[in-house]
Amino acid sequence: MSNLYQKYIFTPGPVKMYEETLKLGSIQTPYFRNEEFSKVVLECEENLLKIANAPKGSRVVFLTASGTAGMEAAVQNLINKDDKVLAINGGGFGERFVEICDIHNLNAINCKVEDNLEDCSILNKYKDSNILLINAHETSIGTLYNLDSISKFVKKNNMLNIVDAISMFVTDDIDMINQNIDALIISSHKGLALPPGLSMVILSPKAIEKVNPKHQLYFDFNAYLKDGQRGQTPFTPAVTIIFQLQQRLNQIVEDGIEFHKNKAKEIAKYFRDEVKSLPLKEFSSFMPNAMTTLTPIDDKSAYEIVQVLDEKYDCIVAPNGGNLKDKIFRVSHMGDMSKEYIDKLIDALYDYYKLKRGQV
Ligand SMILES: *Cc1c(COP(=O)(O)O)cnc(C)c1O
């Protein structure tokens, strides 16, 4: 049995990191209150704005925290008591937005949905809301919402569109200008394939105007926007992860974002095709390139499959909790994936079912 960190990893965060990222992880953390580090942060901001196709005048807030902090900080800074919030809830992460609004005593509609909102007409009864909260990819079940339809809905009803793109940035289509997105929340350990600990919120000029006056310390966007002008953060940033981010973003810009989306798409297709002859079926009809959600069609428990894959084959896939525990498991295609790497998992699944791969 190998060590925890030597296993094959297919979870939707953390994901398999690139060699270059791992190398940078071993550096001595340098001091950061200087011009040299400011340049690194400003370069990251510029590349993020480019990749997200953010409107002119957009800015990035760099938070030292995991993605949920990005969600909570966006809610705290962009929503106040007078706002009417429409929170899309298609699973665990939608539920989290609702919970954040509740904790902060904000007026939010908990809008439970079951499809990908290609047809937004079910939202029409909430069109007097002025803020939309949505997770572009509801990672708990693997549903990618139709951001183009949603974009028309928010534009028509003049809403501030706050999108958690944490688990689809880099692997799936996202475009702040064309999809009318005002705040885009991303984090380090999903598609960007970095260690956890950094969350970023990209703000359009419209969102920047909406930022609430200071009413908290650590997550006050006013302070981040002010210090960010010179490439600094109000508090100690995740310095090493920012160096790793700089490297990743330069690579993504050099390769072109299409290259990375296509790569994830190709890996996802390869995996889905290869497991077709197993007694597993795709759980969602709206899967992103980032991840595949599978459900056993025989009487096997999804949770048991997850455990055996770990214990016997050193492959870590993501289990679910609650009433989906025995029903589904999730396989990420984010990060440094290759066909050879995911073959380990495909072979493990065939061995587990005592079936021969390549035979129909
Ligand atoms: C992973 C994820 C988050 C952040 O979760 P953390 O545990 O805080 O990193 C938020 N939203 C979505 C959709 C995610 O997939």
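Given the structure is predicted, the values throughout are model-derived calculations rather than measurements. Residues: numbered from 1 along the sequence shown.
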Are [Y] and [X] co-members of a hydrophobic cluster defined by side-chain heavy atoms under 4.5 Å apart?
{"X": "Leu117", "Y": "Leu132", "answer": "yes"}
{"X": "Leu192", "Y": "Val40", "answer": "yes"}
{"X": "Leu42", "Y": "Val61", "answer": "no"}
{"X": "Leu194", "Y": "Ile174", "answer": "yes"}
{"X": "Ile257", "Y": "Met168", "answer": "yes"}

Tell me, yes or no, whether the heavy-atom count around Phe153 atom CZ, taken from other residues, nucleotides or ligands under 6.0 Å, exceeds 12.
yes
Any chance OH of Tyr341 has more than 12 other-residue heavy atoms, nucleotides or ligands included, within less than 6.0 Å?
yes
First locate atom [atom1] of [X], then atom [atom2] of [Y], and finally report the distance between them rounded to the nearest 0.5 Å.
{"X": "Cys44", "Y": "Gln247", "atom1": "SG", "atom2": "CD", "result": "10.5 Å"}
{"X": "Lys276", "Y": "Phe271", "atom1": "NZ", "atom2": "CZ", "result": "11.0 Å"}
{"X": "Ile252", "Y": "Leu48", "atom1": "CD1", "atom2": "CG", "result": "8.5 Å"}
{"X": "Leu147", "Y": "Met176", "atom1": "CG", "atom2": "CE", "result": "12.0 Å"}
{"X": "Leu123", "Y": "Ile150", "atom1": "CG", "atom2": "CD1", "result": "7.5 Å"}
{"X": "Met17", "Y": "Arg248", "atom1": "CE", "atom2": "CZ", "result": "11.5 Å"}

Any chance you could lay out the salt bridge (charged side-chain N to carboxylate O under 4.0 Å, His left out) test for Glu72 and Arg96, step after step, and finish with the verdict?
CA-CA 9 Å; Glu72 185 163 26; Arg96 191 168 296 178; over 6 Å; no
Do the side chain of [X] and the main chain of [Y] share a donor and acceptor less than 3.5 angstrom apart?
{"X": "Asp172", "Y": "Ala290", "answer": "yes"}
{"X": "Asn135", "Y": "Gly94", "answer": "yes"}
{"X": "Lys210", "Y": "Leu78", "answer": "yes"}
{"X": "His333", "Y": "Ala268", "answer": "no"}
{"X": "Thr295", "Y": "Lys327", "answer": "yes"}
{"X": "Asn212", "Y": "Ile79", "answer": "yes"}
{"X": "Asp220", "Y": "Asn222", "answer": "yes"}
{"X": "Asn161", "Y": "Asn180", "answer": "yes"}
{"X": "Thr171", "Y": "Ala264", "answer": "no"}
{"X": "Thr293", "Y": "Phe283", "answer": "no"}

Check this for me, if you would: do Lys263 and Glu266 make a salt bridge, where the nitrogen-to-carboxylate-oxygen distance has to be below 4.0 angstrom?
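Glu266 and Lys263: not salt-bridged.
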Centroid-centroid under 6.0 Å between Phe219 and Tyr224 rings:
no
Check: [X]/[Y] side-chain N/O donor and acceptor closer than 3.5 Å:
{"X": "Tyr270", "Y": "Asp343", "value": "yes"}
{"X": "Asn130", "Y": "Asp83", "value": "yes"}
{"X": "Arg272", "Y": "Thr292", "value": "yes"}
{"X": "Gln179", "Y": "Asp173", "value": "no"}
{"X": "Gln216", "Y": "Gln76", "value": "yes"}
{"X": "Asn53", "Y": "Asp175", "value": "yes"}
{"X": "Asn116", "Y": "Thr143", "value": "no"}

Let's go through Leu133 and Cys101 carefully: what are the C-alpha distance in whole Å and the side-chain angles of both, what is the deciding distance for side chain to side chain contact (heavy atoms under 4.5 Å, CB included) to 0.1 Å, and is it a yes or a no?
CA-CA 10 Å; Leu133 283 177; Cys101 290; 3.6 Å; yes
Determine whether [X] and [Y] make a side-chain contact, defined as any pair of heavy atoms from C-beta on separated by less than 4.5 Å.
{"X": "Pro296", "Y": "Ile305", "result": "yes"}
{"X": "His260", "Y": "Asp255", "result": "yes"}
{"X": "Tyr353", "Y": "Lys300", "result": "yes"}
{"X": "Asn320", "Y": "Arg330", "result": "yes"}
{"X": "Gln246", "Y": "Leu24", "result": "no"}
{"X": "Phe32", "Y": "Ile242", "result": "no"}

Evaluate Glu254 against Asn250 for side chain to side chain contact (heavy atoms under 4.5 Å, CB included), listing each step before the verdict.
CA-CA 6 Å; Glu254 191 187 314; Asn250 279 327; 5.9 Å; no
Distance-minimising heavy-atom pair for [X] and [Y]:
{"X": "Tyr350", "Y": "Val275", "value": "OH-CA, 4.2 Å"}
{"X": "Ser204", "Y": "Ile181", "value": "CB-O, 4.2 Å"}
{"X": "Val163", "Y": "Ala136", "value": "CG1-CB, 3.8 Å"}
{"X": "Tyr126", "Y": "Ile109", "value": "CD2-CD1, 3.5 Å"}
{"X": "Ser338", "Y": "Ile267", "value": "C-CD1, 3.6 Å"}

Can you spot which of Leu345, Leu349, Asp310 makes a side chain to side chain contact (heavy atoms under 4.5 Å, CB included) with Val317?
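So, applying the side chain to side chain contact (heavy atoms under 4.5 Å, CB included) to Val317 and each of Leu345, Leu349, Asp310, only Leu345 qualifies.
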Sorted by chain and residue number, the ring-ring contact (aromatic ring centres under 6.0 Å, His included) partners of Phe286 (sequence neighbours excluded) come out as none
Using 30° and 60° as the class limits, which term best fits the ring planes of Phe10 and Tyr8: parallel, tilted or perpendicular?
parallel
Step by step, work out the side chain to side chain contact (heavy atoms under 4.5 Å, CB included) result for Phe37 and Phe243.
CA-CA 9 Å; Phe37 188 70; Phe243 279 111; 3.9 Å; yes
Quick one: which residue pairs count as a ring pair (Phe, Tyr, Trp, His ring centres under 6.0 Å) with a foot in residues 52-108, not counting sequence neighbours?
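Pairs touching residues 52-108 that pass the test: none.
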How far apart are the C-alpha atoms of Ser188 and Leu245, what are their side-chain angles, what is the distance that settles it, and do they pass the side chain to side chain contact (heavy atoms under 4.5 Å, CB included) test?
CA-CA 8 Å; Ser188 54; Leu245 177 70; over 6 Å; no
Could you check Glu209 against Lys206 for salt bridge (charged side-chain N to carboxylate O under 4.0 Å, His left out), going step by step and ending with a plain yes or no?
CA-CA 5 Å; Glu209 228 168 87; Lys206 189 172 152 194; over 6 Å; no
